[in-house]
Structures are given as structure tokens and as C-alpha cells.
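Numbers here simply count residues along the sequence, with the first being 1. All ligand and atom numbering here is 1-based and tracks the order in the structure. Keep in mind that the numbers below use all heavy atoms, side chains included, and drop hydrogens, waters and symmetry copies.
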Amino acid sequence: MPSFIDNGTRFHLDDPTLAPNSAGYLWNRRMMIQMNSRGYAVSQYMDPEPRKYAHPPIIPAPTFMLPEQTYYPNHPGRFFYVRDNDTGTLFSAPYEPVRARLDRFAFEPGLSDIRWLIEKDGVRVELCLVLPVDDVAELWTAKITNMTSAPKKLTFVPFFPVGFSSWMNLGGHFDADLNAVLCTSVTPYQKIEQYFKNQHLKDITFLAASRRPDHFEVGQQAFEGEGGLRAPSALADGGHLRDGEAYYEIPACIMQWDLTIAGGESEDFRFLFGPARDEAEISALKTRYLDGDIEQVRRDYHAYVVEGGRSCLKVQSPDETFNHVVNHWLPRQVFYHGDTNRLTTDPQTRNYLQDALGMLFIRPEAARAVILHAVSQQHVSGKMPDGILLRPDAELKYINQVPHTDHGVWLVITAKAYLDETGDHSILDEMVAWTDDPAPASVREHITRALRFLAAAVDERGLPYIEQGDWCDPMNMVGYKGKGVSGWLAEASSHAMSLWSEVCAAEGDQETAGWLKAEADALVERINRHLWVGDWYGRGITDDGVVFGVPADKEGRIFLNAQSWALLCGAADDDRKARMLKAIDEQLVTPYGVEIQAPSFTAMREDIGRLTQKWPGVAENGSVYNHAAAFYAASLYHVGESDRGFNVLRAMMTNPDREDIAARGQLPLYIPNYYRGAYRQFPRTAGRSSNLFNTGTVAWVYRMVIEQLCGVRGDGKGAVIAPQVPSSWQTLSFTRRLRGATFNVTFSRDDGIAEQVVEIDGQRAEGGRLAGIEAGRIYDVRVKAPR
Ligand code: CEZ
């Protein structure tokens with residue numbers, strides 16, 4: 001039975017066929033690996049640009065993870081063959097590529113390691129993967145146990161495919177001094193300058209072992225033979241590896257041990273797998289990790305992930321899955337984003353800032369650094385770039401070369417959240433130069449100017465241009481002729497202006513505060529005049545003046561973002577809110593969550609763009625795009641629709657039962673960027689997870705749970721305590737760390753009261769307000785709400 005184990009810090013999956021694409025992931029700042037339950041692996045590292053050290057037998061998209069990663073026999077993975085030389089049976093752990101029927105299967109991803117336990121015909125194989133804190137390498141342990149009483153003759157063959165790394169030069173050999181298989185290559189290039197630029201690249205992928213193998217093989221084809229990976233010819237008929245090398249042949253790291261294990265006894269192995277520039281680097285890594293104290297490596301990595309990503313919140317609610325996800329897996333995913341910037345050297349500006357929005361509740365100082373770094377790349381006009389360069393030699397690539405108009409919004413949202421959470425208004429006086437003007441200005445001025453830029457980039461209606469996209473990257477043809485506008489951006493800008501107006505007012509700058517408030521209100525007036533059609537808000541107006549995302553549209557009739565942000569910016573009065581929510585319930589709500597728009601596009605619309613060419617129900621074209629669903633949940637909490645808000649965010653979390661894991665195809669260890677949508681058009685595939693854990697969703701969900709559901713947030717010099725607890729919960733208790741203080745909160749329901757009452761250390765707190773927060777103090781908070 002699939003279930004959380006170890007108090008929710010690990011998951012146990014007992015069937016390799018239940019969710020073939022389900023996976024766990026590990027990372028450090030230099031690398032990331034997503035390990036699939038069956039042994040397939042997707043991994044990349046920074047060198048300094050993202051690179052791979054194990055490649056499929058084809059050239060894929062090199063630098064970004066794909067949604068719905070599919071696997072196929074020769075996909076990279078980490079596989080361990082076991083042949084019983086008495087019976088001739090062959091199986092492989094964790095499951096691929098032999099796919100033998102196993103007696104026992106357990107895939108158990110933890111917070112800081114990934115492990116399997118496999119049993120077949122009296123043989124148990126225990127595998128575990130950990131990462132070092134600060135190197136690019138995989139540290140594997142394998143334990144082979146003879147569970148019977150009689151001795152067993154087994155052949156153990158780890159098989160780590162490396163794939164097609166270069167059309168110029170690839171091969172491999174066994175290095176006896178390093179006791180390692182080295183798969184060598186030369187990264188392909190044509191320009192001379194690239195030769196000198198490539199000198200630092202780690203063009204070797206190696207597998208080093210703690211014990212000397214009896215045989216090895218480096219040629220994948222020689223290993224497979226006619227038998228293929230399910231029954232490699234090299235292992236057929238009791239055969240052994242031929243100690244062969246690879247000469248411009250697809251290489252793989254393959255070693256063989258012939259073992260005689262007494263009854264009840266075990267054999268242990270350690271392996272180090274990863275990229276390297278040369279033999280010296282491999283030797284250094286071996287000394288550090290293969291010959292070193294592996295328990296120390298485990299402890300260090302556990303501290304890095306768990307202590308390093310320590311959550312500011314610990315909840316105890318009636319919903320155990322919610323508790324496990326919020327206490328362990330959600331802050332872990334948030335920390336991954338803030339810690340690695342999604343393993344790119346030029347994150348999209350909106351991603352960079354929103355990932356900091358989450359990191360803020362784990363490492364506020366990291367969020368502060370992000371805000372300062374982002375404004376240092378702002379134009380003196382106030383315009384924010386499409387991407388943020390994290391290294392002097394980095395360049396803006398791919399989507400960051402496509403002009404999007406929304407980036408200023410996220411600077412404001414993250415900066416306001418930073419001020420609320422930390423109370424650190426000193427950041428506003430930090431002086432930072434512009435990317436195109438060395439004369440520094442205060443962060444306060446940088447942010448206000450970003451809003452002035454947004455306020456000016458509008459058409460004759462006063463609505464913001466969309467150019468080749470706003471938050472929605474592939475909405476690239478609404479305004480590419482220079483006239484189309486984004487209804488969503490009008491709402492988001494209004495919301496941002498209201499937020500910043502509050503900051504300016506609190507800072508005593510009433511003039512700017514007044515201007516911002518007036519701009520925000522003017523946008524709301526324009527939104528209601530130009531974009532309310534029927535019972536909801538249109539998504540935008542095209543270059544040809546066509547309002548889209550309206551009842552008249554056969555496809556893309558209603559867009560969720562245009563409704564959520566109308567609630568956030570206060571455009572929708574109660575009547576319009578009711579009609580909008582009804583439309584969302586009828587057209588966008590599915591058992592797997594709320595879709596980003598519906599119906600999904602099934603044909604190209606040249607006045608909307610690339611989004612309409614995506615498969616219906618995939619990503620931005622009508623999936624349950626969790627980032628958009630998170631905006632919706634946040635808007636519902638914003639207007640006090642807390643039960644609706646909770647249902648939306650709870651639907652993002654896979655339940656630990658067979659049915660939901662099978663339907664979504666993932667484990668409840670991360671929130672993916674989407675679950676398949678087009679529920680009313682293609683129900684068969686609806687709910688299927690992308691298994692892509694890079695997503696701005698988690699920052700918003702984490703913040704919402706902390707500041708809305710639990711409702712303890714910083715406010716000026718003090719705090720506000722106003723939980724919005726799901727009405728189905730009779731109790732909730734949680735510990736929240738805020739500005740160095742600890743709030744122990746107990747929530748319960750009571751028949752005798754009409755409204756929610758908050759007591760802090762036994763004193764009634766009007767409106768749940770605490771004037772000042774004392775760092776180091778522990779506050780005992782009791783919240784009573786009507787039953
Ligand atoms: O990338 C995300 C971006 O990282 O798409 C979001 C956007 O807000 C995020 O900043 C919505 O468009 O180019 C594409 O078609 C891709 O679909 C990207 O838009 C998308 C990636 O799939 C990652 O989710």
C-alpha cells in the first residue's frame with residue numbers, strides 16, 4: 001500500500017507499475033537529479049551553463065527539463081542486473097530494464113536521499129542514492145543479501161548508460177588506477193573561439209567503484225547484443241563482460257562481480273557516478289566520497305537540505321497528507337527553487353523574483369539579495385529585463401530573448417512581501433545603479449520607477465501592452481504588432497500599484513502613494529469598461545482590437561488569470577464576483593484542480609499565438625496549470641472565500657492512495673507545474689502530472705498557507721493573526737517563526753461565539769493585531785472561531 005513513512009519525511013511505493021513516471025529528486029547548487037521509481041534518471045549540472053553527463057541515444061533539448069518526461073528502453077538511468085548463476089534467472093534493480101516480476105518492490109524517496117528495496121527469488125537488493133553538498137557527483141550504495149539459508153552464486157552488474165554525448169568524439173575505457181570506467185568525449189563545436197571556451201568542460205562521465213570488478217564493458221552495443229537491455233547478450237548463458245572499450249561507439253559504465261554469498265550474508269558496494277574534466281578530478285572525488293565516511297556525507301547533505309531549508313511553519317491539522325506536504329515537501333521544493341534558481345544562469349525575471357517570494361519564508365536574507373540583484377539589472381527607464389544574469393559571462397537565452405511586459409509586477413509583489421515578513425525597511429534606502437546608468441538610486445526609487453514604466457506602457461484605452469507575452473510566455477501573438485493589450489497585466493499592475501501605494505504611504509511619501517492609488521483605481525475603471533463581457537473578464541484585446549477569452553469564443557472562452565487578478569486588484573464587486581465564480585465552477589473546475597482556460601485550443605489562433613498550438617490540456621493550453629491555480633487560491637483567500645481557496649490548493653497535492661497516484665502518475669512529494677486539463681474534451685488523460693517540479697506555484701502556495709490559512713503575517717512593526725481555517729477543520733495547531741519570534745497557535749471552534757477571537761498570551765488582541773514583535777519571544781496564541 002503506497003503511503004508516507006518516517007513521519008512523512010519519506011514515501012513508500014510498493015508497485016513499480018502503479019505510476020511508471022513517479023519520481024523523487026535531489027539537488028545541490030551545482031546539480032539536480034530526478035530519479036524515477038523504475039531506475040530512469042534525468043540529471044543536469046552547471047558547468048557553468050546547464051549540461052548533462054548521461055545522454056539519451058539522441059540529441060534532446062539540452063538545457064531545460066521537458067514536461068511529461070517520457071522514458072524508453074535506452075533512456076539514461078541507473079540500473080543493476082543480478083543473475084542467479086544456479087538458476088540462470090536475471091532481474092534488474094530497481095526494475096528497468098529487465099522488468100522481471102519481483103517478490104517485493106519498495107521505492108522510498110526521502111528528504112535527503114532516494115532508496116529502493118527489491119527482492120527476487122531469495123535475493124534482496126538495497127540501493128540508496130545521496131549527493132554531496134558541494135560537488136557534482138552521485139554517491140550510490142548497493143547491498144546484495146542472500147535471504148536463503150543456502151549459498152548463492154550471483155553475478156552483479158551495475159549498468160549506467162552514458163549515451164550519445166558528442167558527434168565529434170566519444171568513447172571510453174576502464175582505468176585500473178582509478179578503478180573506474182571513463183566515458184570520454186569532446187563537446188562538439190565549429191568556431192575556433194569555442195575550442196578555447198570549452199577548455200574547462202567536464203567531458204568525461206565516470207563510474208568509480210569501491211571494489212575491483214572481475215570484468216567490465218564500455219561498449220553499450222557490445223553489452224546489449226541481440227538480446228537488448230531486457231536480456232543483454234553479454235549476460236546470456238552465464239556469459240561475462242568482455243573487458244571491452246568503446247571507440248566512437250555509444251559508451252556505458254558497466255562492471256561485473258561474480259559473488260558467492262553464504263546464506264543470510266550480504267555484500268556491500270559503493271559507486272561514484274558523475275562528470276569530470278580529467279583523471280585528477282576523479283581521483284579527488286574518489287578520495288572525498290568513495291574512500292571517505294559515507295555516513296558523514298549523508299549527515300552533511302541531510303543538514304544541507306533539511307536544516308538549510310528549514311521551514312518557518314510546522315502544522316498539525318486533521319489532514320495528515322496536508323501536514324506532511326506542508327511540513328516537509330513544500331518547503332523543500334521552495335528551498336530547491338531559491339537555492340538553485342532552477343539551475344540556469346539567466347532565470348526569467350518573473351521566476352527569479354517569485355522563487356524569492358518563497359525563499360523569503362526560509363532564508364529572508366537570500367530574498368533580500370535577489371531584490372537588490374534584480375534592480376541592479378533594471379533599465380533607468382524603469383523597465384525590468386526579461387531575464388536576470390547570475391554570472392558576468394552569462395547571456396540572455398531562449399525565452400529571455402522574447403519581449404514580455406509583466407516583469408515589473410513581480411518586483412513589487414516580492415519587495416512588499418519582504419517588507420511584511422522582515423520589517424526590514426532599510427532595504428528601501430539601499431543605493432543601486434541601473435544596468436544602463438551608473439548613477440545609483442534607492443531601491444524605493446527603482447521599484448516606483450518600475451511602476452511608472454508599467455503605467456506609461458499603455459494604449460489609447462490606458463491598458464498595458466502585451467508585446468510578445470505577459471506572465472503567459474507562449475501568448476506571443478496577441479500584441480506582437482504593437483497594439484494588443486493584456487487584461488491580466490492591467491489587473492496585476494493595479495494590484496501592484498495598490499501594494500506599493502501602501503508602502504509609500506507608510507514611508508510618508510503621500511504624493512507617490514496618492515499617484516499610485518489613482519493609477520490603480522483608473523486601471524480598475526478601464527478593466528471594468530473594456531474587459532467585462534457577459535459574466536466574466538476577458539483575457540485581453542488583440543492587435544486587431546478583438547477582446548478574447550469571452551463567451552463568444554468557441555475555444556479559450558474563459559481564462560482563470562483574468563478572474564483571479566480581478567479579485568486581487570478589487571475590480572470585481574460582489575455581483576460580478578458571484579457570476580465569475582459560478583462561471584469558473586461550471587467551466588474550469590475539474591477533479592484534479594482548476595484549469596487555466598477552457599475550452600482548450602484545438603487549432604492555431606494567430607491573434608493569440610504559440611499557446612494555442614500546444615496539445616489541448618497541456619501546459620498553458622488548458623491544463624490545471626498550478627501556478628495559475630495558486631493565483632486563484634490566493635485571490636479567494638484575499639476576498640475571504642477561504643474554503644474555496646483551500647479546495648483549490650488542496651487539489652494540487654496528490655493523495656497517497658493507489659487511485660490518486662495512478663490517476664496523476666506521481667507521488668505526493670512535489671507540486672508539478674501542471675496536471676493535464678481539457679477535462680471536458682479529453683477526459684482520458686486529464687489529471688496526468690507533468691512531473692516537472694520547476695514551478696512558481698510553490699512559492700505562492702507556501703506563502704498562502706503561512707499568511708492566509710494559518711494567517712500569521714508581519715505587518716509594519718507588528719503582526720496580524722487572522723487564520724482562515726477550512727470550515728471542515730475543528731482544530732488546527734501550528735508553530736510559526738516570524739522575525740525571530742515564535743508563535744505557538746492553537747485554533748479551535750466554539751458554539752458560543754459569533755466571530756473569530758484571538759488571544760495572545762491570554763490577552764484579547766483586537767483584530768488579531770500585535771503592535772510589535774519581540775525577537776526571541778515565544779507567543780502563546782489561542783484562536784477561537786464559531787463552529
Ligand atoms: O515556462 C513557464 C515560465 O517559466 O511558463 C509560465 C511562465 O509564467 C513562467 O515564467 C507560463 O507561461 O515556453 C513555453 O511554452 C513553456 O511552457 C514555458 O512557458 C514554461 C515551461 O514549460 C516551464 O513551465
> Would one find an N or O of Asn694, backbone or side chain, under 3.5 Å from an N or O of ligand 1?
Replying inline: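 Not met; the criterion fails.
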Which of the numbered atoms in ligand 1 are below 4.0 angstrom from a heavy atom of [X]?
X	value
Arg610	13 (O), 14 (C), 15 (O)
Asn351	3 (C), 4 (O), 9 (C), 10 (O)
Cys472	12 (O)

So, does [X] sit close enough to ligand 1 that a heavy atom of it is under 4.0 Å from the ligand?
X	result
Tyr625	yes
Lys614	yes
Met475	no

> Regarding Arg368 and Tyr418, is there a side-chain donor-to-acceptor distance under 3.5 Å anywhere?
Replying inline: yes
> Going by atom types only, do Thr349 and Trp410 share a side-chain donor-acceptor pair under 3.5 Å?
Replying inline: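 No, Trp410 and Thr349 have no side-chain donor paired with an acceptor closer than 3.5 Å.
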> When Glu620 is tested against each of Gln597, Lys614, Arg610, His627 for side-chain hydrogen bond (donor to acceptor under 3.5 Å, both in side chains), which residue passes?
Replying inline: Lys614
>> Check this for me, if you would: do Asp436 and Lys383 make a salt bridge, where the nitrogen-to-carboxylate-oxygen distance has to be below 4.0 angstrom?
In response: no
> Do Tyr45 and Trp27 make the cut of ring centroids closer than 6.0 angstrom?
Replying inline: no
> Can we call the ring centroids of Trp565 and Phe631 under 6.0 Å apart?
Replying inline: yes
> For ligand 1, which part of Asn673 has a heavy atom less than 4.0 Å away: the side chain, the backbone, both, or neither?
Replying inline: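 Near ligand 1, Asn673 shows its side chain, while the N, CA, C and O stay back.
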> Taking non-hydrogen atoms only, is His627 closer than 4.0 angstrom to ligand 1 via side chain, backbone, both or neither?
Replying inline: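 It is neither part, as no heavy atom is under 4.0 Å.
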> How long is the span from the NE2 atom in His407 to the CG atom in Asn400, to the nearest 0.5 Å?
Replying inline: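 Atom-to-atom, His407:NE2 and Asn400:CG are 7.0 Å apart.
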